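What follows is a single structure, written as structure tokens, with notes after it.
Since we're looking at a predicted model, the values are computed, not measured.
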2 protein chains.
Amino acid sequence: MCVALDRTPSGSYGIDMSTDLDIVFSALADPTRRAILSMLLEDDMAVTDVAEPFEMSLAAISKHLSILTRAGLIQQEKRGRVKWCKLQPDALRSASVWMQGFGQFEPVHLDAFERFLAAEFHDDQA
Amino acid sequence: MCVALDRTPSGSYGIDMSTDLDIVFSALADPTRRAILSMLLEDDMAVTDVAEPFEMSLAAISKHLSILTRAGLIQQEKRGRVKWCKLQPDALRSASVWMQGFGQFEPVHLDAFERFLAAEFHDDQA
DNA sequence: TGCATATTCAACCATATGGTTGAGCTTGCA
DNA sequence: TGCAAGCTCAACCATATGGTTGAATATGCA
């Protein structure tokens with residue numbers, strides 16, 4: 001599903017990482033959806049239980065869950081008549097990588113000791 | 001920045017950066033804006049130069065730059081009749097911290113990031 | 001002074017987004 | 001068998017978003 005981190009040499013096929021990021025970031029842009037993700041961090045939940053704390057219709061929550069599913073941020077699995085929602089944190093990785101790339105250019109606040117450690121353990125990190 | 005009391009349904013999380021996250025994530029959700037950020041990673045640029053590679057009016061780019069500024073992702077400074085745009089990567093920190101809460105991600109390898117960025121930038125130019 | 005450059009503003013348009021309601025489908029169970 | 005529970009669908013609505021164009025506002029310079 002999520003191919004954002006695909007680094008295979010199939011680049012000419014034009015796997016669209018850009019669209020994945022569109023979908024993931026816009027999924028994260030809504031506070032209700034971020035709250036849902038936080039809730040699912042605790043435990044898997046049924047749709048009805050996800051909806052319970054919100055002052056919003058079940059249908060609206062159902063839509064939010066579809067958006068999160070489409071972004072690959074959660075997985076939904078139906079068991080009996082209950083649809084369970086499970087966090088899929090891996091989908092955040094591509095977005096996280098993208099963002100941290102900008103962090104590389106932040107001024108580095110290493111003091112001499114940390115600089116020493118960084119140099120000392122450089123091989124371990126490679 | 002906005003600091004208010006948290007009101008997420010899932011409980012108390014102390015300081016609420018919810019609206020900040022809304023603004024930052026939705027700023028990042030647009031491929032044109034991400035491409036602009038990538039360009040500014042190279043160097044500071046004037047508005048006209050930012051607009052140059054895009055097949056879109058200058059006014060549209062100007063709007064995108066306002067959105068990035070409002071999100072704190074860039075800073076704009078007018079010198080003479082030229083308005084310079086400068087990356088402000090610190091603004092990504094709160095969003096990054098939020099996302100880190102969802103899982104341990106691999107340490108970022110810069111070369112992987114640059115390939116990722118190059119691919120995405122290529123998509124946007126196409 | 002007067003014109004070109006750099007950028008934003010204002011009005012407008014099409015589409016996307018986030019919500020509602022009511023009906024409909026599937027499943028569990030008394 | 002029949003009803004309640006769990007969830008989605010479809011239609012609708014208001015507002016947000018991302019783009020356009022033409023006019024307006026600064027600023028630099030010959």
Hey, any chance Leu28(B) and Leu40(B) share a hydrophobic cluster, counting ILVMFWY side chains that come within less than 4.5 Å of each other, even indirectly? yes
By salt bridge (Lys or Arg N to Asp or Glu O under 4.0 Å), Lys86(B) pairs with (sequence neighbours left out) Asp44(B)
Check your understanding: Reckon Arg79(B) touches a base, only the sugar-phosphate, or nothing at all at heavy-atom distances under 4.0 Å?
Key -> nothing
Enumerate, atom names and distances included, each donor-acceptor pair closer than 3.5 Å involving a side-chain atom of residues 53-68 of chain A, sequence neighbours excluded.
unit_1: Ser57(A); atom_1: OG; unit_2: Ala60(A); atom_2: N; d: 3.1
unit_1: His64(A); atom_1: ND1; unit_2: Arg33(A); atom_2: NH1; d: 3.1
unit_1: Ser66(A); atom_1: OG; unit_2: Ser62(A); atom_2: O; d: 3.0

Whole-Å distance, Glu77(A) CD to dG6(D) P, equals 17 Å
Between CG of Asp30(A) and P of dA16(D) the distance, given in whole Å, is 14 Å
Rounded to whole Å, CG of Leu68(A) lies from P of dT17(C) at a distance of 14 Å
Arg33(B) CZ to dG19(D) C1', in whole Å, measures 12 Å
d(Ile36(B) CD1, Leu41(B) CG) to nearest 0.5 Å is 13.5 Å
Rounded to the nearest 0.5 Å, the CH2 atom of Trp98(A) sits from the CG atom of Leu37(B) at a distance of 4.5 Å
Closest non-hydrogen atoms of Asp22(A) and Ala29(B), given as atom of the first, atom of the second and distance, are OD1-O, 3.4 Å
query: Can you tell me if the side-chain N/O atoms of Ser57(A) get under 4.0 Å from OP1 or OP2 in dG19(C)?
result: no
Ile67(B) atom CD1 is separated from dA16(D) atom C1', nearest whole Å, by 10 Å
Rounded to whole Å, the NE2-C1' distance (His64(A) to dC7(D)) equals 16 Å
Counting primed atoms, P, OP1 and OP2 as sugar-phosphate and everything else as base, the B/S/- map of nucleotides 6-12 of chain C against protein heavy atoms under 4.0 Å is SBBB-B-
